[in-house]
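Every value quoted in this text rests on a predicted model; they were computed, and no experiment measured them.
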Amino acid sequence: MPDLKGRGGAPRDFLSHPRAWLWIALALAALLAGAGLAPRVGAERQQHTVGLVMEYRDLVSLARESGVSPQRLWARLHSLGMRGLTVSEGTGKDLLNGGFPLRWTPAKDLPSSVPIPPGLPGDRGVLWGRADEAAWQVFLPYLSTKMPGLVRESGGGWLAAVFPASFPELLDSGLLPDLAGLDFARRNGIPVVFRPSPCLGVEGGRVAASLGLLMDQYPEIRSILPSGLVVPGYPDLDPLAALLEERRIPVAQAEFVKQIGVSELVERVFPLVLPLHSLVKDEIFSRRMSREQVVERMVRAAHERSVRLLLFRPYDLYNGHRLPFFLEDLESLSDSLKARGYELGWPSTLPLWGRSPLAVLGASLALAAFALALGRRFGLRGLASAGSGRWGVFLGGGTVLVALGVWALPPAGRYLGGFLGALAATEATLAALDREDHPFRGAFEGLFLVLAAGACLASFYGTPEFMLRLRGFSGVKLTLLLPPLLVLLHDLRNRIHPEGLGEILARPPLWGELLAAGLVLGAVLFMAVRSDNTALVPQWELHAREMLERLLRVRPRTKEFLVGYPCLLLAILASRRNLWPRYREILRVGASLAFASAVNSFCHLHSPFALTLLRVFNGWWAGLLLGGGLFLAWEMRFSRRKGAEAP
């Protein structure tokens, strides 16, 4: 809090202190942000259902390997939390590998008893089988709708469907839905994520029409997850989008998958989007991930990134029977999700709402307040000696200018958050460091500044487009990199460091400075490489993370409780004891990592707001607890040494 006493300890006008204007402005900004946050918080409270799904082919494979029926195995998997199946559209290669009730061959390889049109080229693809096969009742309407050039021939108890393309051309094309999987889902009432594949020569209208027929027959299809390198029907995605919107069927958007056309499809059907997370075998083996790391990746996707569909596979990490390992991992995943308050079922999509004018006003006011506060610290003309009336004018004018800029130039809104987060983290760091007499009070003041800025960020960007990552936050690097630089420049300019920038540049570097800079740079690079990368995390740390997650519901960020806040208290202690005048700047810059990381947490707009608040708070108290222990131990040692030196 700002010091409200004048000379001789006499109280003075509250508004005459520029710091008071900062606190008033941020309190008002937080109130405005809170009103703008209401739709987001309400939607997040209803988004506590996670759907665990597996591929139908994996279910059949595990059942065959273990000697049990798919029906019995599904009952066991359902009891452990599995809730849905993905069913694929078979390609020409899939038809060759079996698993479908009909045969797929080139025309030249057909038996003589199977009828074909005279003069048919030998490389044409032909689907054939007994005429009384029940699968024809689904396949023929589906194929005829999808490929108008399909030719039917029957005779001698056989039926053949001749495709309007060659056999080799259709090997990688989606041809037939896996009826065995769809029928299994229908018998057991299982929600299905259908995976259509692109097909050569089939445009968007035909893709939508054939899928519509399939959805009429199988209402168990609750979502689609396009398969292949290109979304079926691309670039004409309007018919498919119209079909999904009409039937209220969402697109399952796989994380980190660069599929051509998927972003366009998601934008067209928005907000009918369900984020999905899965791990492919190539990633598992290239990163040498263990089963524990796979489970942790799934849990983090649901808990920290609001992913609501998790595609879980029996990865071939160990020899022998896969089912026992798969059951253990599924149970571990389910228990971890339940321990964090999630229900296992079929998730719903986000409702639709827009950005509140109150959110714009709150973010504009906060940005203006932080800019003025830092301008005063850097000695900008007219700010250091400004009275209360001028500060009010500056705040009001700055707020209006920022708000008008966001309204008149929508792209400016993409960068408002980056500058707001960077300035907020810098001011929070310097405000906390100023409190050498009351370090814990300073840490509380820094926390308040971070929370106010974080609420404004979460409110301004808290719309479904950003939460589903259809629009990206453009200021992440600013929020992380700018605060340490601004703190350093502030300290050099105000001679908090013994030397100014010009003096440092004019003399040869010291070996100690080079070593310290190398250590700091190495630590930053190490944390950057480890960020969101479980492959570089040892097993003992994974177990520690899981324990912290279950104990605290969300674990604090390492940069905050192991680095930033301890550096804050140690920097204050070093300054009070006049220790290491040339090197304590490292501690001051390190302290900025706590507040920069905390502000950055609010920029992860796919994370629930309540979870972010808890993460920031956990990092704050855990970091102060650790730093406070170091602080007190150092103080006691210093006091004992001073007592021993006394005569």
Side-chain angles (χ1 to χ4, degrees), residues 87-96 100-110 114-131 133-155 158-179 182 194-218 221 224 226-247 249 260-261 264-265 268:
V87 177
S88 299
E89 183 177 29
T91 64
K93 290 180 180 178
D94 294 326
L95 269 63
L96 278 179
F100 286 80
L102 303 174
R103 300 283 303 275
W104 161 251
T105 57
K108 62 182 179 62
D109 294 337
L110 288 172
V114 177
I116 59 173
L120 184 72
D123 66 344
R124 293 285 288 274
V126 180
L127 184 72
W128 58 280
R130 301 298 307 179
E133 172 60 52
W136 284 117
Q137 299 178 12
V138 175
F139 286 157
L140 277 180
Y142 183 83
L143 288 172
S144 298
T145 302
K146 190 171 185 177
M147 298 180 178
L150 191 80
V151 177
R152 294 175 50 182
E153 294 287 340
S154 60
W158 296 97
L159 181 61
V162 181
F163 285 78
S166 70
F167 180 83
E169 289 175 331
L170 296 175
L171 285 177
D172 294 316
S173 293
L175 301 179
L176 298 176
D178 188 349
L179 288 190
L182 292 173
F194 186 66
R195 305 204 62 186
S197 296
C199 184
L200 181 69
V202 179
E203 45 84 28
R206 294 293 176 183
V207 170
S210 57
L211 278 178
L213 282 178
L214 195 64
M215 291 172 180
D216 289 337
Q217 295 173 293
Y218 293 95
I221 296 177
I224 70 161
S227 181
L229 299 177
V230 182
V231 173
Y234 180 82
D236 183 19
L237 297 177
D238 288 336
L240 177 57
L243 170 72
L244 298 177
E245 289 178 331
E246 177 188 352
R247 299 176 181 251
I249 293 179
I260 296 176
E264 292 90 335
L265 179 61
R268 283 171 167 81

Interatomic spacing from [atom1] in [X] to [atom2] in [Y] - rounded to 0.5 Å:
{"X": "D178", "Y": "D94", "atom1": "CG", "atom2": "CG", "result": "8.5 Å"}
{"X": "S227", "Y": "R195", "atom1": "OG", "atom2": "CZ", "result": "4.0 Å"}
{"X": "I221", "Y": "L182", "atom1": "CD1", "atom2": "CG", "result": "5.5 Å"}
{"X": "L179", "Y": "F100", "atom1": "CG", "atom2": "CZ", "result": "8.0 Å"}
{"X": "L265", "Y": "I260", "atom1": "CG", "atom2": "CD1", "result": "14.0 Å"}
{"X": "D109", "Y": "D123", "atom1": "CG", "atom2": "CG", "result": "11.0 Å"}

Verify, without hydrogens or angle tests, whether [X] (side chain) and [Y] (backbone) share a donor-acceptor contact under 3.5 angstrom.
{"X": "E245", "Y": "A242", "result": "no"}
{"X": "S144", "Y": "P141", "result": "no"}
{"X": "E89", "Y": "S197", "result": "yes"}

For the student: nearest non-hydrogen atoms of [X] and [Y], plus distance:
{"X": "A160", "Y": "V114", "value": "CB-CG1, 3.8 Å"}
{"X": "P115", "Y": "G155", "value": "CG-N, 3.7 Å"}
{"X": "P198", "Y": "G228", "value": "CD-CA, 4.3 Å"}
{"X": "L237", "Y": "G261", "value": "CD1-O, 3.4 Å"}
{"X": "G174", "Y": "K146", "value": "O-NZ, 2.8 Å"}
{"X": "P121", "Y": "A107", "value": "O-CB, 3.5 Å"}

Contact check, side chains of [X] and [Y], non-hydrogen atoms, under 4.5 Å:
{"X": "Y218", "Y": "V87", "value": "no"}
{"X": "S173", "Y": "L200", "value": "yes"}
{"X": "W104", "Y": "L170", "value": "yes"}
{"X": "L143", "Y": "L127", "value": "yes"}
{"X": "E264", "Y": "P235", "value": "no"}
{"X": "R124", "Y": "L110", "value": "no"}
{"X": "K108", "Y": "L120", "value": "no"}
{"X": "M215", "Y": "L243", "value": "yes"}

Task: Test side chain to side chain contact (heavy atoms under 4.5 Å, CB included) applied to V138 and Q217, step by step - done: CA-CA 8 Å; V138 175; Q217 295 173 293; 3.7 Å; yes
Task: R247 and D216: CA distance, side-chain angles, deciding distance, salt bridge (charged side-chain N to carboxylate O under 4.0 Å, His left out) verdict - done: CA-CA 10 Å; R247 299 176 181 251; D216 289 337; 2.8 Å; yes
Open item on the list: Determine whether M147 and L175 satisfy the following criterion, side chain to side chain contact (heavy atoms under 4.5 Å, CB included), listing intermediate values before the conclusion.
Closed with: CA-CA 10 Å; M147 298 180 178; L175 301 179; 3.9 Å; yes
Open item on the list: Set out, in order, the CA-CA distance, both residues' side-chain angles and the distance that settles side chain to side chain contact (heavy atoms under 4.5 Å, CB included) for L102 and L95, then state yes or no.
Closed with: CA-CA 8 Å; L102 303 174; L95 269 63; over 6 Å; no
- [ ] Could you list the residues that satisfy ring-ring contact (aromatic ring centres under 6.0 Å, His included) with W136, not counting sequence neighbours?
- [x]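 Counting only residues at least two positions away or on another chain, W136 forms no ring-ring contact (aromatic ring centres under 6.0 Å, His included).
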TODO: If a pair satisfies side-chain hydrogen bond (donor to acceptor under 3.5 Å, both in side chains) and one of its residues is in residues 231-240, list it, with sequence neighbours excluded.
DONE: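 Listed by first then second residue: D238-R268.
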TODO: Using a strict 4.0 Å threshold on nitrogen-to-oxygen distance, state whether R103 and E133 make a salt bridge.
DONE: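 Salt bridge between R103 and E133, a charged N being under 4.0 Å from a carboxylate O: no.
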Open item on the list: If you apply the rule side chain to side chain contact (heavy atoms under 4.5 Å, CB included), what do you find for I224 with L244, and how did you get there?
Closed with: CA-CA 9 Å; I224 70 161; L244 298 177; 3.7 Å; yes
Open item on the list: Does atom CZ (R152) have a neighbourhood of more than 12 heavy atoms from anything else shown, all under 6.0 Å?
Closed with: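 Open: at most 12 neighbouring heavy atoms sit under 6.0 Å from CZ of R152.
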Task: Set of salt bridge (charged side-chain N to carboxylate O under 4.0 Å, His left out) partners for D172, sequence neighbours left out - done: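 Salt bridge (charged side-chain N to carboxylate O under 4.0 Å, His left out) list for D172, sorted by chain: K93.
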